[in-house]
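First comes the structure, then the notes that go with it.
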2 protein chains.
Amino acid sequence: MGYKPKGSMQQTEKQFIENYDIHQYDVPLTMVDMAIFSIIDNKLNVLLVERNIFPEKGKLALPGGFIDKNKDSDLEATALRKLKQKTGVKLSYLEQVESVGNATRDPRGWSVTILYFALIDSAKLNKKLMSRSYWHPVDEVKHIALAFDHNLLVQKAVARLRSKTLYTALPMALLPEKFTLTELQTIFEIILSRKLPVKSFRRRMMDAGVVEATNESKISGKRKARLYKSTGIKKDFYFPRPLQA
Amino acid sequence: MGYKPKGSMQQTEKQFIENYDIHQYDVPLTMVDMAIFSIIDNKLNVLLVERNIFPEKGKLALPGGFIDKNKDSDLEATALRKLKQKTGVKLSYLEQVESVGNATRDPRGWSVTILYFALIDSAKLNKKLMSRSYWHPVDEVKHIALAFDHNLLVQKAVARLRSKTLYTALPMALLPEKFTLTELQTIFEIILSRKLPVKSFRRRMMDAGVVEATNESKISGKRKARLYKSTGIKKDFYFPRPLQA
DNA sequence: CGAATAGTGTCTTTTAGACACTATCGG
DNA sequence: CCGATAGTGTCTAAAAGACACTATTCG
């Protein structure tokens with residue numbers, strides 16, 4: 001493919017860049033929103049923030065906001081900055097879900113949001129949230145009119161989390177470093193809203209080597225249960241077969 | 001959750017929106033790029049366009065460009081408009097891959113691109129392309145310095161196509177309406193760069209009901225082969241187990 | 001010991017891979 | 001009938017589900 005750029009330029013590229021002014025173009029708004037999940041009281045919860053500025057002032061919304069060209073080196077940096085600014089919590093997992101952009105989702109005009117989803121380990125939940133931030137069970141969010149199209153965004157993020165739960169061991173990120181297999185299974189069951197067979201679940205986790213036994217035990221119910229920890233298997237590990245949908 | 005917005009607004013939302021001027025903000029560039037794939041000469045090809053404007057003038061790039069707030073109702077509309085404008089071909093499949101945004105990918109400044117990937121049925125390839133559009137085998141693209149970070153974008157799109165090929169029957173979209181199972185298998189093998197076991201492949205497609213036999217046959221080699229067509233199973237069908245990676 | 005929770009043994013089911021086999025067609 | 005391509009029969013292997021079973025601890 002002996003391809004090479006052609007010559008004969010009227011203007012140099014350098015000149016072009018210097019004269020380039022984004023403000024002469026009619027650009028869309030571009031922002032980042034985050035669906036941050038945690039398990040509270042045996043329910044999957046998502047973090048919502050009460051908006052205190054227009055538009056949609058007073059409504060609940062996903063944490064998020066505009067890209068700051070000076071502060072953010074990339075989209076993930078925007079997500080992390082917004083997270084810190086609005087919640088002060090530390091993440092266990094962050095992944096881009098998808099982007100939604102159209103003419104009608106924001107009254108300020110054509111806008112694009114890049115949606116991220118994040119998981120927080122329940123051990124870190126002691127820290128208090130910033131003001132106007134509240135955890136809401138995702139099952140109840142559908143009955144609240146969120147700002148903009150954020151009900152849809154929550155749905156998309158939950159769908160991604162469920163899908164990953166069928167194929168991977170990602171929900172470990174919702175637990176502290178050491179956990180029992182029963183605790184892990186419970187988290188899976190909460191996310192999927194159904195019971196899983198005990199034997200299958202344990203075999204799946206052990207055989208794939210995503211968890212490793214520690215020497216410690218923990219007693220929460222009647223009998224001691226062994227504590228396990230993640231083997232730190234790489235984030236992109238997929239089980240050979242999904243859990244049955 | 002008896003949540004409801006609080007009152008006592010200094011300014012009305014309507015006033016806020018009317019006074020809102022995006023140009024007072026330092027916003028990033030936002031655009032859509034597309035990785036359009038087709039099979040040519042038993043190779044997976046991607047469509048590239050020679051840029052005839054700054055920046056990166058003369059280099060090859062994925063088809064794409066800025067959102068037009070007046071013409072496009074949503075991101076997919078931008079993708080389809082760019083496609084038509086630059087190639088004039090009709091798509092079999094379109095899906096968002098992911099968004100990439102950072103301060104350095106475009107010399108004009110902080111920019112975000114929403115990447116789509118598309119498949120074109122080889123029967124539609126007779127139509128001639130717009131000028132300066134060329135099909136390139138994806139294996140060779142890694143040796144060409146594309147504009148911006150488009151080498152990376154091609155890689156991401158190819159990875160998505162390969163992943164979908166392991167889990168779904170998506171590659172049917174690269175074939176005309178009627179095809180033999182051998183032809184379909186060949187397409188899979190091209191995308192995955194490896195041979196697949198014949199018996200497994202046919203059983204997988206038939207048992208899942210993603211293809212349906214027609215009464216017609218086709219003779220291309222030594223023996224007639226039955227023609228099949230897609231059962232139009234929904235786009236989000238996943239086989240119970242992936243092909244072995 | 002009984003109740004409750006943790007954890008296992010083992011059979012079946014599903015679906016992929018291996019691979020030898022049969023079928024059909026042109027020359 | 002030979003060679004090549006299309007297509008099948010059937011065994012094995014991997015991993016999930018079903019479900020009865022055993023193990024440990026507290027009171």
Side-chain angles (χ1 to χ4, degrees), chain A residues 42 163-169 171 175 178-189 192 194-229 233 237-245, chain B residues 42 162-169 171 175 178-190 192 194-229 233 237-245:
Chain A
N42 282 329
S163 163
K164 286 255 166 168
T165 301
L166 292 174
Y167 285 91
T168 75
L175 287 172
K178 290 173 186 170
F179 49 82
T180 69
L181 288 186
T182 303
E183 286 167 344
L184 184 59
Q185 181 169 347
T186 301
I187 299 288
F188 272 69
E189 291 172 342
L192 298 175
R194 67 189 170 86
K195 284 283 177 192
L196 297 174
V198 180
K199 177 68 189 188
S200 276
F201 183 84
R202 302 174 77 90
R203 190 176 42 197
R204 183 178 169 92
M205 296 300 150
M206 310 276 297
D207 289 5
V210 297
V211 294
E212 123 187 85
T214 68
N215 290 322
E216 299 162 70
S217 293
K218 167 176 167 176
I219 178 135
S220 47
K222 287 280 184 179
R223 177 181 159 178
K224 275 195 301 186
R226 184 174 291 269
L227 287 168
Y228 290 79
K229 59 180 183 181
I233 204 163
F237 173 77
Y238 272 63
F239 288 101
R241 304 187 207 173
L243 293 169
Q244 84 177 191
Chain B
N42 282 329
R162 295 219 165 108
S163 163
K164 286 254 166 168
T165 301
L166 291 174
Y167 285 91
T168 75
L175 287 173
K178 290 174 186 169
F179 49 83
T180 69
L181 288 184
T182 303
E183 285 167 344
L184 184 59
Q185 181 169 348
T186 302
I187 299 288
F188 272 68
E189 291 173 343
I190 289 167
L192 299 174
R194 68 188 171 84
K195 283 283 176 190
L196 297 173
V198 180
K199 177 70 189 188
S200 277
F201 184 83
R202 303 174 76 92
R203 188 176 45 199
R204 183 178 171 91
M205 297 299 150
M206 309 275 298
D207 289 4
V210 297
V211 293
E212 123 186 86
T214 68
N215 289 323
E216 299 162 70
S217 294
K218 167 177 166 176
I219 178 133
S220 46
K222 287 284 184 177
R223 177 181 158 178
K224 275 196 298 186
R226 184 173 290 270
L227 286 168
Y228 290 79
K229 58 181 184 182
I233 205 162
F237 173 78
Y238 272 62
F239 288 101
R241 305 187 206 173
L243 291 170
Q244 84 177 191

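Atoms considered below: every heavy atom in the structure, side chains included; atoms not considered: hydrogens, waters and symmetry mates. Each chain gets a letter, A, B and so on, in the order the sequences are listed, and its residues count up from 1.
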[X] [atom1] to [N] [atom2], straight-line distance once rounded to whole Å:
{"X": "B:Phe179", "N": "D:dA6", "atom1": "CZ", "atom2": "P", "value": "15 Å"}
{"X": "A:Leu184", "N": "C:dA6", "atom1": "CG", "atom2": "P", "value": "13 Å"}
{"X": "B:Asp207", "N": "D:dT8", "atom1": "CG", "atom2": "P", "value": "11 Å"}
{"X": "B:Arg202", "N": "C:dT22", "atom1": "CZ", "atom2": "C1'", "value": "13 Å"}
{"X": "B:Leu243", "N": "D:dA13", "atom1": "CG", "atom2": "P", "value": "21 Å"}
{"X": "A:Leu196", "N": "D:dA18", "atom1": "CG", "atom2": "P", "value": "10 Å"}
{"X": "B:Lys195", "N": "C:dG17", "atom1": "NZ", "atom2": "P", "value": "15 Å"}
{"X": "B:Tyr238", "N": "C:dT15", "atom1": "OH", "atom2": "C1'", "value": "19 Å"}

Touch class at under 4.0 angstrom, heavy-atom based, for A:Arg226 against every strand present: sugar-phosphate
If you look at every strand shown and take non-hydrogen atoms under 4.0 Å, does B:Ser200 touch a base, only sugar-phosphate, or nothing? base
For B:Pro240 and A:Ala225, find the nucleotide of DNA chain C closest to each by heavy atoms; which residue's nucleotide sits nearer the 5' end? A:Ala225
What is the distance from atom OH of A:Tyr228 to atom OG1 of A:Thr180, rounded to the nearest 0.5 Å? 9.5 Å
Please round to the nearest 0.5 Å and tell me the distance separating atom CG of A:Leu175 and atom CD1 of A:Ile187. 4.5 Å
Below 30° counts as parallel, above 60° as perpendicular, anything between as tilted: where do the rings of A:Tyr238 and A:Tyr167 land? tilted
Whether the side chain of A:Glu189 engages the backbone of A:Leu196 through a donor-acceptor N/O pair (distance < 3.5 Å, no angle test) should be reported. yes
Within the structure, does a side-chain N or O atom of B:Arg204 lie under 4.0 Å from either OP1 or OP2 of C:dT15? no
State, without any angle test, whether B:Arg162 and B:Thr165 hold a side-chain donor-acceptor pair at a distance under 3.5 Å. no
Check whether the side chain of A:Arg203 and the base of C:dG9 form a donor-acceptor pair under 3.5 Å. no
Do A:Arg241 side-chain and D:dA14 base share a donor-acceptor contact under 3.5 Å? yes
Where A:Arg204 and A:Leu166 come nearest, the two heavy atoms and their spacing: NH2-O, 2.9 Å
What one-letter contact string describes nucleotides 20-27 of chain D from 5' to 3', where B marks a base within less than 4.0 Å of any protein heavy atom, S marks contact via sugar-phosphate atoms alone, and - marks no contact? ---BBBS-
Around atom NZ of A:Lys164, are there more than 12 heavy atoms from other residues, nucleotides or ligands closer than 6.0 Å? yes
